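Take a look at the structure below.
Below, chain A is the first sequence line, B the second, and so on; all start at residue 1. Values in this document were obtained by computation on a predicted structure and should not be read as measured data. All values below were derived from every heavy atom in this structure, side-chain atoms included, with hydrogens, water molecules and symmetry-related copies excluded.
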Protein chains: 2
Amino acid sequence: MADNLPADTATRILDAAEALFAEHGFDGASMRMITSQAGVNLAAVNYHFGSKEGLFQEVFHRRLAELNKQRLACLDALEAESAGAAPKPSRVLEAFFGPALEMAADTARGGATFMRLLGRTYTEPAEFIRKFMAVEYAEVVERYTRALYAALPDVPKAEIVWRLHFMMGAVSYAFSGIDALALVTGRFDDDPALLKPRLTAFLLGGLRAPLPDGPEGKSGP
Amino acid sequence: MADNLPADTATRILDAAEALFAEHGFDGASMRMITSQAGVNLAAVNYHFGSKEGLFQEVFHRRLAELNKQRLACLDALEAESAGAAPKPSRVLEAFFGPALEMAADTARGGATFMRLLGRTYTEPAEFIRKFMAVEYAEVVERYTRALYAALPDVPKAEIVWRLHFMMGAVSYAFSGIDALALVTGRFDDDPALLKPRLTAFLLGGLRAPLPDGPEGKSGP
DNA sequence: GTCTATAGGAGGATAGAC
DNA sequence: GTCTATCCTCCTATAGAC
């Protein structure tokens, strides 16, 4: 994105699209905005990606393939290191969110922009988006849920799935960076280096929280 | 929304808009969709709300005014009950998220739809949206951050603000209900009555988590 | 392969009849 | 107050020149 080498047409489009989708959303960013920011012709999007949806999907695939490959590698390393024993929950979380946090801190090569886009897209449930996200994430989610089941044998599986859900929400929101709160509380310090330990501490606290009672104390005897 | 009494034009528009904005977003839901679903004429939106943005804003104001009034009342009651002492963090969280969770469980009168819209809108940072959200939330955020500072005297204020940020993310995401995970893990049970205790336990765990070290152990001597 | 030009439709908004 | 008819802008996609 911030490379000063001249990139090829397809890459220039992907970079411009990433930034504009992050800022305006899928509908809000028009192909005219994208192609003019990329310095290419309007028709180039259809030529290279088939359609606007195809472009959107490729923006995600480019980054997510890399991100999820790293996540799987981290988990492989962790499981090899533990040699059969269940790894600690904190290590599993770190393996999962670490690569994402690194990407979010990489402002130079557009990683930060992409993570904002990703956070925002989790709540944009257009049909075609859900479809390819499911495919893109399938293996990672499957492996990590199993790892968490093993790491937290005392927490019911349904509870773990929910908590993974909550964690992804907290992380998405932190990435999407709208700072709805900041508008009111005043801009608080947001050194990206501090985000990682803060977020990790919070997530781990939530993940290992004492189990809730049933609704209004309806839990078993 | 599900009332079978004939509502007036403005209300019919608001109800239809709420549902369609929740499903398709601000740009994705057109005025033609909204007015045809409401069974009113296209021109009625401009007559009653001035513009599409005016309509969007009013959709939020209608619900948020009520929601935030309840939140302030809950905090008032809590502080009166504690008579000068700092209330427990769990009680403060309950006062803040309780009314929202109740609204999210109210499928009959459209509260659930609205909370999905709200969750989604937190990550749609269009300029005019941020503007009126800041106004709508100003008093609530101000009062609750102060309450949390008092409830958690050992946690640095900056950390509390961050954690409030993370919590709102987890909650938004839970409400927006896309279930990116559910696509992969299989539809897990989502009895709305179970959401509240689960979410509360998670949030409280995160809020009270042990403080993080600095980045990579850079904390003080 | 990349561009120009344009098709063909949908968008929000408004003027004026009723 | 509500509806009809219409304006003008903007969209995505494509056909065909270079």
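Nucleotide dC11(D) holds its P atom 11 Å from the NE2 atom of His24(A), rounded to whole Å. What separates CG of Leu20(B) from C1' of dG12(C) is a distance of 16 Å, to the nearest Å. Taking atom CG of residue Asp27(A) and atom P of nucleotide dG12(C), one finds them 11 Å apart after rounding to whole Å. When rounded to the nearest whole Å, the span between CE of Met31(B) and P of dG12(C) equals 6 Å. Put simply, CZ on Arg32(B) is 10 Å from C1' on dG9(C), counting in whole angstrom units. Spacing between atom CZ of Phe49(B) and atom P of dG1(D) amounts to 14 Å, rounded to whole angstrom units. As a whole-Å value, the separation of Lys52(B) NZ from dA13(C) P is 8 Å.
Ser30(A) has no side-chain polar atom (N or O) that falls below the 4.0 Å cut-off from OP1 or OP2 of dC10(D). Neither OP1 nor OP2 of dT14(D) sits under 4.0 Å from any side-chain N or O of Asn46(A).
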| message | Please evaluate residues Leu55(B) and Ile34(B) with respect to the criterion side chain to side chain contact (heavy atoms under 4.5 Å, CB included), reporting the C-alpha separation (whole Å), side-chain torsions for both, the decisive distance (0.1 Å), and the verdict. | response | CA-CA 11 Å; Leu55(B) 168 59; Ile34(B) 293 165; 4.2 Å; yes

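Under 4.0 Å is where a charged nitrogen must lie from a carboxylate oxygen, and between Glu124(A) and Arg120(A) at least one such pair does. Between Asp76(B) and Arg71(B) no salt bridge is recorded (no basic side-chain N to carboxylate O distance below 4.0 Å). We find that Arg63(B) and Glu18(B) are joined by a salt bridge, their nearest charged nitrogen and carboxylate oxygen being less than 4.0 Å apart. We find that Arg62(B) and Asp15(B) are joined by a salt bridge, their nearest charged nitrogen and carboxylate oxygen being less than 4.0 Å apart. Electrostatic pairing of Arg163(A) and Glu159(A) counts as a salt bridge here, judged by a charged N lying under 4.0 Å from a carboxylate O.
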Restricting both atoms to N or O, compile the protein contacts to nucleotides 2-5 of chain D shorter than 3.5 Å, with distance only.
residue: dT2(D); atom: OP1; partner: Thr9(B); partner atom: OG1; Å: 3.2
residue: dT2(D); atom: OP2; partner: His48(B); partner atom: NE2; Å: 2.8
residue: dC3(D); atom: OP2; partner: Asn41(B); partner atom: N; Å: 3.4
residue: dT4(D); atom: OP2; partner: Asn41(B); partner atom: ND2; Å: 3.2

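Note on ring orientation: taking the six-membered ring where Trp is involved, the planes of Tyr122(B) and Tyr137(B) are tilted (angle from 30° to 60°).
Residue Met115(B) comes nearest to Phe175(B) through the heavy atom pair CE-CE1, 3.1 Å, listed as atom of the first residue, atom of the second, then distance.
With dT12(D), dT6(D), dA13(D) as the choices, the nucleotide that has an atom nearest any side-chain atom of Ser51(A) turns out to be dA13(D).
An angle of 0°, rounded to 10°, separates the two end axes of the helix from dG1(C)-dC18(D) to dC18(C)-dG1(D), each defined over five pairs.
Residues Glu53(B) and Gln57(B) bring no donor and acceptor atom of their side chains to less than 3.5 Å of each other.
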